[in-house]
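As structure tokens, the structure follows; a few thoughts come after it.
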Amino acid sequence: MDLRTILNSFGAHEDYRQIILDFNDFIKLYEMALLELRSDIEIIELEWQTRYEYSPFEHVKTRMKTPQSLQRKIERKGVPFTIEGIKENIFDIVGVRIVTSFEDDVYKIYELLKRRDDLKIRRVKDYINNPKPSGYKSLHLIVETELILSEGSVWVPAEIQIRTLAMDFFASTEHKLQYKYNTKELSQDIKDELYEVALASSRLDEKMTQVRNTILID
Ligand code: GTP
Ligand code: MG
């Protein structure tokens, strides 16, 4: 059953039906962008392994923002509930997270992405050199990726987060704790404890880089 038939069966008003159909087409562009970015990154990874028998990538995750999460963000940011409003204000409908082994690999990947003609880097948020008050570290890129369609090419926004395994351990676990506490704000004591964990994670990164450098010099 196609979407129009489903909507008809629910007796949706014609205007409402059109909005949903347009939105469905709109979101498809983001799904295409996700596929595009995923394959670009897989190719970079494979090329790197072929050339250097080493890859700066530990693992890569991609995700589409869920409709619920998109709705929450629209409300939180006071974005107009229209396709234009979403297109101009929400850049993380497509999310890519690249996890590396070492901190300098994060910037190596950033340099690789900067050189691509099919990617425009719109904004860089360097939370590695400027961590968040929580202790959160990561390099965030707001990009536009090129999609070649039958009518020509279009540029679709996405958020790429690049960070080390240790940064990812902190971010993922802290996020889970925030979520568990839900609407309740974490107490200052807990925030302080978490900040300690962030510092410990950073020390792991430093130590691992030192060990690698020693091996490389020997
Ligand atoms: P959002 O409205 O949440 O997207 O924030 P923003 O538009 O100001 O962007 P920012 O780059 O600050 O954060 C984007 C994403 O980074 C968030 O959605 C989280 O996934 C992640 N993030 C940012 N700060 C933290 C933090 O303190 N802890 C954790 N665990 N994740 C964070
Ligand atoms: Mg976000």
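For ligands, and for the atoms within them, numbers begin at 1 and follow the listed sequence. Note that the structure is predicted; figures quoted are calculated from it, not measured.
Atom OH of Tyr136 and atom CE of Met167 lie 10.0 Å apart (nearest 0.5 Å). Interatomic distance, Glu36 CD to Ile41 CD1, rounded to the nearest 0.5 Å: 10.5 Å.
For ligand 1, the atoms closer than 4.0 angstrom to any heavy atom of Lys77 are 2 (O), 7 (O). Atoms of ligand 1 lying under 4.0 Å from any heavy atom of Lys73, numbered from 1 in the order shown and given with element: 1 (P), 2 (O), 4 (O). Within ligand 1, the atoms closer than 4.0 Å to a non-hydrogen atom of Lys132 are 10 (P), 12 (O), 23 (C), 24 (N), numbered from 1 in the order shown. Listed by number with element, the atoms of ligand 1 under 4.0 angstrom from any heavy atom of Ser134 are 26 (C), 27 (O). Counting the atoms of ligand 1 from 1 in the order shown, those under 4.0 Å from a heavy atom of Ala171 are 30 (N).
For ligand 1, the polar-atom distance check finds an N/O of Arg76 within less than 3.5 Å of one of the ligand's N/O atoms. For ligand 1, the polar-atom distance check finds an N/O of Glu174 within less than 3.5 Å of one of the ligand's N/O atoms. Polar contact with ligand 1: present for His140 (N/O pair, distance under 3.5 Å).
At a threshold of 4.5 Å between non-hydrogen side-chain atoms, the residues Leu139 and Arg163 do not count as touching. Using a 4.5 Å heavy-atom cutoff, the side chains of Thr145 and Asp118 are not in contact. Looking at heavy atoms from C-beta onward, Met208 lies out of side-chain contact with Ser101 at the 4.5 angstrom threshold.
Here atom 20 (O) of ligand 1 lies nearest to Gln161 when heavy atoms of Gln178, His175, Gln161 are compared.
Using a 4.0 Å cut-off between heavy atoms, Tyr127 contacts ligand 1 through its side chain alone, with no backbone atom that close.
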